[in-house]
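Presented below is the structure to which this report refers.
Letters A, B, ... are given to chains in the order of the sequence lines, protein chains preceding strands, and every chain is numbered from 1.
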Amino acid sequence: MARPFDVSAVEKKWQACWLDEGTYDVDNDDERERYYALCMYPYPSGPAHQGHIRNYTFGDLVVRYQTMRGKAVLSPFGFDSFGLPAENAAIKAGSHPRLFTEARMAELKSSVRRLGAAYDWRREVYSHDPNYMRWSQTFFLAFLEAGLAYRAEATVNWCPGCATVLANEQVLSDGTCERSGDLVQRRDLEQWFFKITDYAEELLNDIDTLEWPDRVKTMQRNWIGRSEGVEFDLALQGDHSRALRVFTTRPDTGFGVTYAVVAPEHPMLWDLVTDSERESVTGLVERASLASELERTASSDAGGGLDKRGAFTGSFVVNPFTQQSVPVYVADYVLGTYGTGAIMAVPAEDERDFAFATLHALPIVRTTQPPDGHGDGPYSGEGQHINSGFMDGMDVATAKIAATQYLEKNAHGVKKVNYRLRDWLVSRQRFWGCPIPVVYCDTHGIVAVPLDQLPIVAPDDVVMDKTGQSPLATHEGFRNTTCPICGGPARRETDTMDTFTDSSWYFLRYTDPFTSDRAFDPVEAAKWMPVDQYIGGIEHAILHLLYSRFYLKALVDIGVAPGLAREPFKRLFTQGMIRLDGSKMSKSKGNLIAPEEYYDTVGADGLRLFHLFVGPPADDVDWTDQTEEAIEGCARFLDRVYRLSHYDECFFHDEITLDDEEVRREVHRTIAKVTDGFERWSYNTCVAAIMELLNTISRWARRTEGAHRATLDESLDILLRLLAPMTPHVTAELWEERHPGEPGVHATTWPEADPTLVAHSSVVMVVQVNGKVRARLNVSPDITEADATAAALADADIVNFLKGATPSRVVARPPRLVNIVL
RNA sequence: GCCCGGGUGGCGGAAUGGCAGACGCGGAGGACUCAAAAUCCUUUGCUCGAGAGGGCGUGCGGGUUCGAGUCCCGCCCCGGGCACCA
């Protein structure tokens with residue numbers, strides 16, 4: 001489309017200006033009020049796509065708006081530059097992940113620069129920078145020393161496609177890898193873990209203090225999965241010196257326990273199995289251990305959990321409430337990794353137990369009275385206790401307390417809190433990540449690499465193939481080393497750290513990236529932290545956002561970040577996704593729409609305005625056939641702004657007329673609307689309000705009766721300032737034309753609405769009869785209820801409409817509405 | 001199955017219990033032009049009507065209210081999250 005000005009030239013000019021002059025560089029000794037605005041640092045996958053553009057457009061609006069509000073705004077940029085895609089691509093192309101990654105970083109940076117977003121580029125960080133790795137490794141060792149990092153053998157998630165283990169958080173609920181989509185396998189391996197479970201309670205409680213979307217908060221609460229209950233003993237029938245320990249959240253249903261179940265991995269299992277049952281139990285356990293997590297957990301779907309595989313162990317335990325002996329089963333619906341790995345089963349009040357009991361013909365005893373009409377199925381809701389001895393008649397909460405006391409006295413019962421959250425598995429058997437800085441010595445075992453030898457950087461001449469072992473393991477020069485303690489032969493850890501460890505602290509490095517003798521100065525970091533506004537995609541709702549919260553808490557506790565607030569991100573905004581043909585836009589789907597083609601036509605400003613205008617920022621955007629036209633519409637609006645600013649046929653008069661006054665009022669009302677919209681993240685309505693203002697000014701300036709010069713100048717100046725955080729280039733250009741030699745539009749302050757002008761001098765009051773609008777009257781905004789009623793009833797149209805009928809009621813809501821009810 | 005969102009013109013969307021459809025896209029008509037593009041103006045929920053004007057209308061069915069897109073109850077559909085965690 002033809003533009004009234006050279007968009008590319010204008011945008012290049014201002015981008016160069018901001019960069020050369022370091023307009024958005026901010027120093028740590030800045031005395032203005034501070035504001036830390038941050039977009040999640042990207043994985044460098046190539047040129048920016050529309051998701052990035054959307055993210056950085058919102059971020060830049062916040063940065064420029066808060067700057068105009070007089071704050072010192074920290075706005076850094078960097079790259080989450082370690083990761084599997086680079087390694088896989090490098091294997092394919094016979095290149096090195098670093099070369100590949102740095103080429104992608106350059107591409108992304110170039111397209112981000114052309115967006116014209118304001119960043120302090122001096123603070124740029126990237127994960128694979130040895131200067132950054134040094135501190136990633138230092139933190140690992142600090143965690144190790146504090147007992148927060150440990151090595152253990154465990155059943156872990158192995159992704160065959162990625163040729164590495166994964167954290168629980170990276171496995172989707174259907175048992176596939178969130179990255180490659182491969183079915184994740186279970187393997188018993190010795191791996192490094194971070195003790196995130198130590199922080200489960202605090203991670204859960206502090207969610208309440210965060211200004212985050214409820215959706216994200218709920219997801220994190222569910223992920224942590226706190227449950228309160230009792231752990232107690234079920235004594236073995238015939239040998240009361242031994243017992244099966246179980247966990248339950250419903251001790252009150254104890255009288256309904258008709259059997260018990262242990263997980264196939266339970267350590268006591270083979271003590272319980274009698275000779276006659278050995279064969280069937282062996283078969284069951286073998287099947288369970290071969291089955292993938294998916295098969296084991298997803299089999300309950302359709303038939304309401306009828307597929308409950310299990311076998312009798314041959315042993316019995318005593319129900320401590322009824323003193324009756326009940327059979328012990330082994331079944332794969334009980335998990336070895338949660339609670340005690342064994343449960344008391346109450347079929348009448350638990351769906352899973354009900355399904356199992358039905359299948360295996362076990363007795364079902366109700367202990368809670370279900371509501372009328374509930375039927376024979378399991379019932380786990382509120383109700384009076386029945387068949388429950390001393391708890392009969394109690395409600396669930398009261399019975400829980402009574403049952404807990406009973407178990408404490410009679411069955412070694414202890415109140416217990418369990419979490420679904422597991423420790424964070426951080427080992428990865430891949431090359432392109434931060435090496436774990438420990439060595440293994442035959443004499444001294446696990447030995448930390450001395451801090452002065454950090455960073456441990458992987459050598460370049462490594463054969464990278466996906467063998468299931470870290471590529472570093474085959475590099476003799478890297479692998480073989482000496483023990484820092486005894487100098488004897490030792491071997492290096494060859495696994496690398498999960499890349500989520502890198503992204504768990506980058507926001508701290510941004511606050512003080514200039515120092516080389518430590519990761520950051522806690523005093524400098526404390527000036528900026530916590531991040532005032534964090535912006536990113538919903539896909540990080542659990543992974544990155546939970547890990548970062550854990551990191552900061554741990555870093556504060558171990559003395560790396562003393563004095564910092566314990567939460568990294570005060571406010572979080574999660575933007576919607578861009579969809580093409582209904583599916584998420586992503587490089588792997590090959591459906592990216594690059595911004596470059598728009599930069600040359602509608603400009604970065606046009607594209608930015610589109611992203612702001614298309615809908616609520618939190619909503620997904622469908623990229624359709626009509627999107628091109630919508631983007632052009634945004635560019636057209638900017639052209640109209642440009643033309644109005646250059647309009648030189650205006651006839652001016654000296655007196656301020658009523659029309660001029662009304663324009664001033666519109667201008668100030670728009671200030672109020674846009675300011676409010678900015679605070680509420682309602683950017684689409686802000687754009688609409690500014691468009692309306694332009695229409696008003698434009699029509700008024702073209703009138704033959706003329707316009708008041710000072711009013712036109714004020715109006716245009718305010719319009720440019722309101723628009724400046726959204727479309728920074730064109731507004732900077734027009735402002736410079738209008739105010740040569742003065743500070744630029746981005747250095748001006750955010751306009752303030754004059755309350756006396758925002759108020760309306762007269763308003764339209766609607767008059768309804770039985771809820772339908774029958775007349776409109778111009779009234780004073782402070783009309784009284786009586787006057788409003790009188791005016792409504794006196795109106796000619798209303799009188800005519802009523803035809804003498806007497807209203808039964810008149811509801812007046814001055815000054816907006818009067819409703820006459822017949 | 002459970003927990004969140006959401007359902008408004010041809011399309012994206014707006015609307016603190018008070019004029020439904022702001023703003024934009026698209027469409028229609030007009031001005032300018034030799035012509036086109038660009039620009040500017042008018043118009044644009046559906047429907048009945050020549051017109052004035054009327055009726056209907058925010059997924060469906062009820063309810064509360066003088067008044068409901070908005071609040072309550074029960075459904076339907078779409079999207080997302082969780083899913084044997086005892």
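Here Asp350(A) lies out of heavy-atom contact (under 4.0 Å) with every strand.
Between Ser698(A) and Thr249(A), the residue whose closest nucleotide on RNA chain B is further toward the 5' end is Ser698(A). Mapped onto RNA chain B by nearest heavy atom, Asp619(A) and Arg226(A) fall at different nucleotides, with Asp619(A) at the one closer to the 5' end.
rA14(B) is unpaired under the criterion used here, namely a Watson-Crick or G-U wobble arrangement in which both key atom distances are under 3.5 Å. rU42(B) is paired with rA28(B) under the criterion used here, namely a Watson-Crick or G-U wobble arrangement in which both key atom distances are under 3.5 Å. Base pairing of rC82(B) is made with rG1(B), judged by Watson-Crick or G-U wobble geometry with both donor-acceptor distances under 3.5 Å.
Taking the P atoms as reference points, rC11(B) lies 31 Å from rG63(B), given to the whole Å. Comparing the C1' positions of rC48(B) and rU65(B) gives an interatomic distance of 31 Å, to the nearest angstrom. The gap from the C1' atom of rA15(B) to that of rU8(B) amounts to 10 Å, rounded to the nearest Å. Across rG7(B) and rG59(B), the matching C1' atoms stand 6 Å from one another, rounded to whole Å. Distance check on atom C1': rG21(B) versus rG57(B) gives 11 Å, rounded to whole Å. To the nearest whole angstrom, the two C1' atoms, one in rG53(B) and one in rG17(B), are 30 Å apart. As rounded to the nearest Å, rU47(B) and rG9(B) have C1' atoms that lie 14 Å from one another.
Classified by interplanar angle (parallel below 30°, tilted 30° to 60°, perpendicular above 60°), the ring pair Trp623(A)/Tyr598(A) is perpendicular. Using cut-offs of 30° and 60° on the angle between ring planes, the pair Tyr683(A) and Trp681(A) is tilted.
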Side-chain donor-acceptor pairs of residues 773-780 of chain A under 3.5 Å, sequence neighbours excluded:
unit_1, atom_1, unit_2, atom_2, d
Ser780(A), OG, Asp782(A), N, 3.2
Ser780(A), OG, Asp782(A), OD1, 3.3

Cut-off 3.5 Å, no hydrogens considered: what does the side-chain donor-acceptor table look like for residues 413-420 of chain A, sequence neighbours left out?
unit_1, atom_1, unit_2, atom_2, d
Lys416(A), NZ, Glu231(A), OE1, 3.3
Tyr419(A), OH, Glu201(A), OE1, 2.0
Arg420(A), NE, Trp223(A), O, 3.4

Using a 4.0 Å heavy-atom cut-off to protein, can you give one letter per nucleotide of nucleotides 23-30 of chain B, 5' to 3': B if the base is in contact, S if only the sugar-phosphate is, - if neither?
BSSS----
What string of B, S and - do you get for nucleotides 1-8 of chain B, 5' to 3', when a contact is any protein heavy atom under 4.0 Å?
--------
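Counting only residues at least two apart or in different chains, side chain to side chain donor-acceptor pair (under 3.5 Å) contacts with residues 337-347 of chain A comprise Ser227(A)-Tyr338(A), Thr337(A)-Arg422(A). Within the structure, every pair that satisfies the salt bridge (charged side-chain N to carboxylate O under 4.0 Å, His left out) test and touches residues 249-261 of chain A, not counting sequence neighbours, is listed here: Arg250(A)-Asp252(A).
Residue Arg776(A) places no side-chain N or O under 4.0 Å from the OP1 or OP2 atom of rC19(B).
Here Asn695(A) pairs with Arg640(A) under the side-chain hydrogen bond (donor to acceptor under 3.5 Å, both in side chains) rule; sequence neighbours left out. With sequence neighbours excluded, the residues forming a salt bridge (charged side-chain N to carboxylate O under 4.0 Å, His left out) with Asp620(A) are Arg579(A), listed by chain and number. Applying the salt bridge (charged side-chain N to carboxylate O under 4.0 Å, His left out) criterion to Asp423(A), with sequence neighbours excluded, gives no partner residue.
Atom NZ in Lys673(A) sits about 12 Å away from atom P in rU16(B), given to the nearest Å. Between the P atom of rG81(B) and the CD atom of Gln220(A) lies a distance of 15 Å, rounded to the nearest Å.
With distances taken from any side-chain atom of Arg774(A) to the nucleotides rC66(B), rA14(B), rG55(B), the minimum falls on rG55(B).
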